[in-house]
Trainee: 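A single structure is presented below for examination.
A note on names: the letters A, B, ... follow the listed sequences, proteins ahead of strands, and every chain is numbered from 1. Keep in mind that this is a model prediction, so the values were computed, not measured.
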Amino acid sequence: MNQPAPILQVEGLSKRYRQAGGESTLAIEDISFTVEQGEFVSLVGPSGCGKTTLLMCVAGLIAPSAGRVAVKGAEVDGPPGNLVLVFQEYNKSLFAWRTVLGNVLFGVAAKDGRAGDAEAKARRLIGLVGLEGFERHYPWELSGGMQQRVAIARALAYEPEVLLMDEPFGSVDAMTRLELEDGLLQLWKELRTTILFVTHDIEEAIYLSDRVYVLGRRPSRVVEQVTVRLARPRNQMTTRADADFMKLRNEIYRRAADQSAK
Amino acid sequence: MNSRPINVAGLAVFAALLLLWELSSRSSPNLGAYLPPPSDALRSLFRFAVARELFSHLVDTLGRFLLGYVIAAALAVGLGIVLGYFRFAHSLCDVLIELLRPMPSVAIIPVAILLLGIGNTMMVAVTVYACAWPILLNTIDGVRNIDRTLIDTGRTFGLGRWKILRTIALPAAAPYVATGLRISLPIALILVTTSEMVVGGSGLGYFILDQERSFRITEMYAGIVVVALLGYVLNRIFVALEERMTVWHRGSTLRGRP
C-alpha cells in the first residue's frame, strides 16, 4: 500500500507556560495526531483544556516546548503559507475599519498581492457564505453569526490547504450555530479544504467530522480517537437522531466524564 | 451626520458676556484704555491697513503652523507605531520620554535660538518638538492597546512584521492617533505664536506683542481675535476630517449610537 503522507502531522506536542511567580504550567502534553488530505477532523475537549494553545502551536503562532508539527511534510516554525486560523473571537479578529468586502479582499491580497480579479473572487466568497448584499457593511453592523461568516470568507480567500478553526461557533446562539455548521459543511464539500476544527461541543464535533480526537483535562492529551461513519450530506434533524450518532456521543461523553472524574 | 443642534443657551451666555464687556468699557474710560469695547476691536479688523497687515501675518503664522504640525505628525506617528509594537525599542526610549515630556516645551525656545537662529527653521522646529509629544504618546498607547488576536490574524495570513504595522497596527490605532493629533493642534498654535513673540519679525504672535508695545490696544485685540478664530477654524476642520476618517470607529462605539 502506498498511502500518501498526511497533510498535517502533530507529534509529541507539549507546551509549558512560564508564569509570573516563576512557576510554570503544562497546558498540553505529548499530543499526537494526523489529518489526511481533504479530511474534516475535530478536536473535542472541556473548556480550558488547552485546545487553543494546541491550535496556536499548529498555526505556528506560538512555539511548542517539545514535539513537532509538519504541514505536507514541512516542519512548522512560523505561520505556514498554506494554512490559516479562524479565531473564536471574530469581533477581535475582523478589521473594524474595513467593510465586509475589504476584509475578504485582505485575504485575497495576503495570498497574492497582485491578483487581477481580486474583487470578483472576494465577491464570490461573500456569496458562498451567504452575505451577498452586505459587501459595503462594516462588521459592527452585522450580527455575530454574520461576522463569523465574514471571518470564514476572509480565511477561504487565502486559499488555505488546511483551515484551522478555534471554536468558531462558540459565541453565537444555538439556532445560528446550526446554520453555520451546515454552511461550513457545504463550503467544505465545494472547496475540498482540509479542516481541523476545535470545539467543546461533542455533538458538534460528531456532526461535522470524519474523525474526532477527544482531549482530556489539562495538561491535555489525546485520550481517544473516534471515526465517524455517518452518511453525508448530514442533516441537523435526521443525523442527530440517528442511533449511531447517539452511540458515538455517549461513547465520547463517557470517555470525557472518566477524565474529569480522575 | 453633522446635524448637531445649535446650542442657543451657550451662545446666549457668550453674547451676554460680550455685552457686559462692551457696556463696562464704554462706561469707564479708565477701563476702556486697556480693555477697549469689543466692537472697536472688531471694527479695526475691517480697516484696510490693519486687515492687510494682519492678513500677511496670518499667512506667516499659518505656514509655520502647517509645516510644524505635519512634520510632527509624520515623525510621531511613525515612531509611535514602532515604539508601541516593539517592546525593546520602547524600553530604550522610555526614560528619555518620561524625562522630556513633562518639561514645558517653550523652555526649549532659547536652546533652539542658540542652535538654529531666529528664522523660520527655529520656529518650526520648536513647534515640531512640542506637538510631537501628544501624538507620540497616544500612538504608542493605541498600538499597545491593540488586541493580540488582531496581530495574530495578520500573522496567520502570512504577513511580515512591517506589513502588520502598516496594514493592521496603524489603522487599528487610528482613533488614538486622532486623539493625539487633536490635542497637539492648539499646542502647535501656542508654540508658533509664542516663538513669534520671542523672536519677532512676522506672524500673529509678533503682531500682537508689537501692537501692545506701540500702545495700539484696539489693534492688539484685533490680532487676538484673529488668532482665536484661527484656532477655532483649524479645530473645526480637524474634527470634520476625523469624523470622516474614523467613521468605522464611531459606529462601533457609544459615541456613534443614535
Side-chain angles (χ1 to χ4, degrees), chain A residues 52 55-63 71 76 78-100 102-113 136-142 147 150-151 154-160 162-166 171, chain B residues 1 77 80-81 84-87 91 138-139 141-181 241-258:
Chain A
T52 295
L55 220 45
M56 296 283 275
C57 287
V58 174
L61 294 173
I62 55 178
V71 179
V76 168
N82 47 5
L83 172 154
V84 74
L85 171 62
V86 174
F87 295 86
Q88 175 182 3
E89 292 163 306
Y90 44 78
N91 54 344
K92 289 184 179 171
S93 168
L94 286 177
F95 303 132
W97 58 93
R98 285 174 178 247
T99 58
V100 169
N103 267 282
V104 179
L105 275 171
F106 171 86
V108 181
K111 185 70 182 183
D112 175 12
R136 298 273 161 219
H137 284 62
Y138 284 94
W140 46 267
E141 296 177 294
L142 306 176
Q147 289 184 36
V150 178
R154 182 179 65 180
L156 292 172
Y158 190 62
E159 293 180 349
V162 181
L163 183 63
L164 307 177
M165 306 184 87
D166 184 13
S171 19
Chain B
M1 194 165 77
V77 171
I81 296 275
Y85 193 75
F86 298 105
R87 204 171 283 264
S91 66
N138 276 283
T139 306
D141 228 29
V143 174
R144 294 190 138 198
N145 273 299
I146 295 174
D147 199 280
R148 184 80 243 167
T149 306
L150 208 52
I151 303 297
D152 279 340
T153 300
R155 294 176 64 214
T156 191
F157 278 93
L159 265 54
R161 283 183 160 187
W162 295 106
K163 197 135 195 218
I164 287 177
L165 286 188
R166 206 155 37 81
T167 58
I168 297 178
L170 182 60
Y176 285 79
V177 175
T179 303
L181 287 171
L241 284 177
E242 185 196 9
E243 283 193 1
R244 220 172 225 219
M245 285 168 61
T246 55
V247 122
W248 60 271
H249 183 250
R250 268 178 350 112
S252 59
T253 56
L254 272 179
R255 194 146 60 108
R257 288 237 180 103

Trainee: So, applying side chain to side chain contact (heavy atoms under 4.5 Å, CB included) with B/Thr156, which one of A/Leu85, A/Val86, A/Leu164 is it?
Mentor: A/Leu85
Trainee: Side chain, backbone, both or neither: which part of B/Ala172 has a heavy atom under 4.5 Å from chain A?
Mentor: both
Trainee: Using side-chain heavy atoms (C-beta onward) and a distance below 4.5 Å, is A/Tyr90 in contact with B/Thr149?
Mentor: no
Trainee: Could you give the distance from CE (A/Met56) to CZ (B/Arg155), rounded to the nearest 0.5 Å?
Mentor: 7.5 Å
Trainee: Quick check for you: to the nearest 0.5 Å, what is the distance between B/Asp152 atom CG and A/Glu89 atom CD?
Mentor: 11.0 Å
Trainee: I'd like to know which of B/Ile168, B/Thr153, B/Ile151 tops the heavy-atom pair count under 4.5 Å against chain A.
Mentor: B/Thr153
Trainee: Highest number of heavy-atom pairs under 4.5 Å with chain A: which of B/Asp147, B/Ile146, B/Leu159?
Mentor: B/Asp147
Trainee: Between B/Leu150 and A/Leu94, what is the shortest heavy-atom contact and its length?
Mentor: CD1-O, 3.7 Å
Trainee: If you look at every heavy atom in B/Phe157 and A/Gly107, which pair is closest and at what distance?
Mentor: CE2-CA, 3.9 Å
